[in-house]
Amino acid sequence: LLFLNMILPIIVLMTLATLVATPFVVRRAMTGLAQVAAQAERIDIDQRGVQLPLDKVPIEITPLVKAINAALDRLDKGYERHRRFLADAAHELRVPIAVVQARLSQLPQGELKSQLLTDVARLGNVAEHLLDLQRLDRNVGALQRLDLALLVREAAADLAPLVVGAGYGFEVDAPEMPVWIHGDSLALGRVIANLVHNAIVHGGGRGTICVRLDARGLLEVSDQGAGIPVGDREAIFEPFHRLRAAGSGSGLGLHLVKEIVQHHGGSVSVGEAAGGGASFRV
């Protein structure tokens with residue numbers, strides 16, 4: 001009777017409580033884990049100081065999350081050391097490169113001198129692009145209100161002698177009314193210059209290079225060359241990727257374009273121009 005009247009009801013009550021409470025506790029714990037997992041999936045290489053929250057995970061999982069946070073912190077410090085090394089190396093290269101260029105210019109004219117000057121100029125271009133990348137990384141958030149249409153017209157005016165001198169026609173179409181954005185004028189000027197320089201190098205020395213901007217802020221730079229093969233249209237934005245292994249470029253210009261555009265919250269892609277050739281759209 002004691003078992004039936006007292007012990008059995010307690011067992012039944014405990015069983016019911018367990019059946020009700022266990023799913024709730026497990027669901028709550030799994031919800032916290034799912035939120036932490038979702039945040040971990042959003043971690044990107046360009047983010048610094050990211051840490052996973054500890055207050056939303058079960059206490060049994062806390063040591064694992066702490067270990068992941070410690071690993072993220074070590075990665076941040078390693079990236080910062082790597083960034084400083086690249087910046088210092090690029091900066092230190094500028095002086096010897098300038099000295100070598102000055103000494104080469106004193107040599108008698110000839111094919112070897114031209115080749116050496118081209119190689120040194122390429123090395124200098126790599127150093128400048130590395131410095132541009134580091135300057136961009138330091139100036140995160142330094143965006144100001146500016147008229148993109150005016151910037152495009154001014155940049156195009158500066159680039160016109162280079163384009164015409166390389167044997168191309170040059171067409172510029174930008175609205176007379178302001179196209180207001182928040183941006184870094186020096187960095188965006190670099191974007192336009194790099195895209196136009198890329199068109200000069202890969203345009204085949206013929207046709208017209210076009211720079212167009214519409215009222216929505218869509219910038220297009222196109223040429224009438226051979227175009228970019230479909231299989232290379234993503235890879236060309238990776239550092240040191242070249243369409244031709246023996247090309248004269250640094251392999252960093254389009255990568256720098258992508259980094260600057262993403263820094264401004266935009267995107268860049270390449271397709272086929274209306275008259276053939278490549279069309280870069282920012």
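Model, not experiment: these values are computed from the prediction.
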Do [X] and [Y] have side chains that approach each other closer than 4.5 Å (heavy atoms only, starting at C-beta)?
| X | Y | result |
| --- | --- | --- |
| L254 | N194 | no |
| R281 | V268 | no |
| V282 | L195 | yes |

Drop me the distance from [X]'s [atom1] to [Y]'s [atom2], to the nearest 0.5 angstrom.
| X | Y | atom1 | atom2 | value |
| --- | --- | --- | --- | --- |
| H197 | H202 | NE2 | NE2 | 9.0 Å |
| E154 | D147 | CD | CG | 9.0 Å |
| L148 | R153 | CG | CZ | 10.0 Å |
| F280 | R233 | CZ | CZ | 9.5 Å |
| L188 | I260 | CG | CD1 | 7.0 Å |
| I181 | L143 | CD1 | CG | 8.5 Å |

Please report the closest heavy-atom contact between [X] and [Y], naming both atoms and the distance.
| X | Y | result |
| --- | --- | --- |
| V65 | P53 | CG1-O, 4.0 Å |
| D223 | G225 | OD1-N, 2.9 Å |
| A174 | V152 | CB-CG1, 4.2 Å |
| H264 | A187 | CE1-CB, 4.4 Å |
| Q101 | V120 | CG-CG1, 3.1 Å |
| L186 | D184 | N-OD1, 3.1 Å |

Inset, instruction - Check whether V164 and V201 end up in the same hydrophobic cluster, where Ile, Leu, Val, Met, Phe, Trp and Tyr are linked by side-chain heavy atoms less than 4.5 Å apart. - result: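 Hydrophobic grouping puts V164 apart from V201.
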Inset, instruction - Identify whether L146 and I192 are in the same connected component of the hydrophobic contact network (ILVMFWY, side-chain heavy atoms under 4.5 Å). - result: yes
Legend entry - For D232, salt bridge (charged side-chain N to carboxylate O under 4.0 Å, His left out) partners two or more places apart: none
Inset, instruction - Say whether, by atom type as modelled, one donor and one acceptor occur between the side chain of Q224 and the main chain of G277 under 3.5 angstrom. - result: no
Inset, instruction - Give a yes or no on whether the backbone of F237 and the side-chain of K258 come within a donor-acceptor separation of less than 3.5 Å. - result: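 Side chain of K258 to backbone of F237: no pair is present.
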Taking distance alone, no hydrogens or angles, what donor-acceptor pairs closer than 3.5 Å link side-chain atoms of residues 213-221 to residues at least two apart or in another chain?
{"unit_1": "D214", "atom_1": "OD1", "unit_2": "R216", "atom_2": "N", "d": "3.0"}
{"unit_1": "D214", "atom_1": "OD1", "unit_2": "G217", "atom_2": "N", "d": "3.1"}
{"unit_1": "D214", "atom_1": "OD1", "unit_2": "L218", "atom_2": "N", "d": "2.9"}
{"unit_1": "D214", "atom_1": "OD2", "unit_2": "R216", "atom_2": "NE", "d": "3.1"}
{"unit_1": "D214", "atom_1": "OD2", "unit_2": "R216", "atom_2": "NH2", "d": "2.7"}
{"unit_1": "E220", "atom_1": "OE2", "unit_2": "S279", "atom_2": "OG", "d": "2.5"}

Legend entry - Heavy atoms of other groups near Q144 CD, more than 12 under 6.0 Å: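 Not more than 12 within 6.0 Å, no.
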Legend entry - More than 12 heavy atoms from other groups under 6.0 Å of NZ on K66: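 Counting other residues, nucleotides and ligands, NZ of K66 stays at 12 neighbours or fewer.
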Legend entry - Qualifying side chain to side chain donor-acceptor pair (under 3.5 Å) pairs with a residue from residues 161-181, counting only residues at least two apart or across chains: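 Of all non-adjacent pairs touching residues 161-181, those that pass side chain to side chain donor-acceptor pair (under 3.5 Å) are E171-R212.
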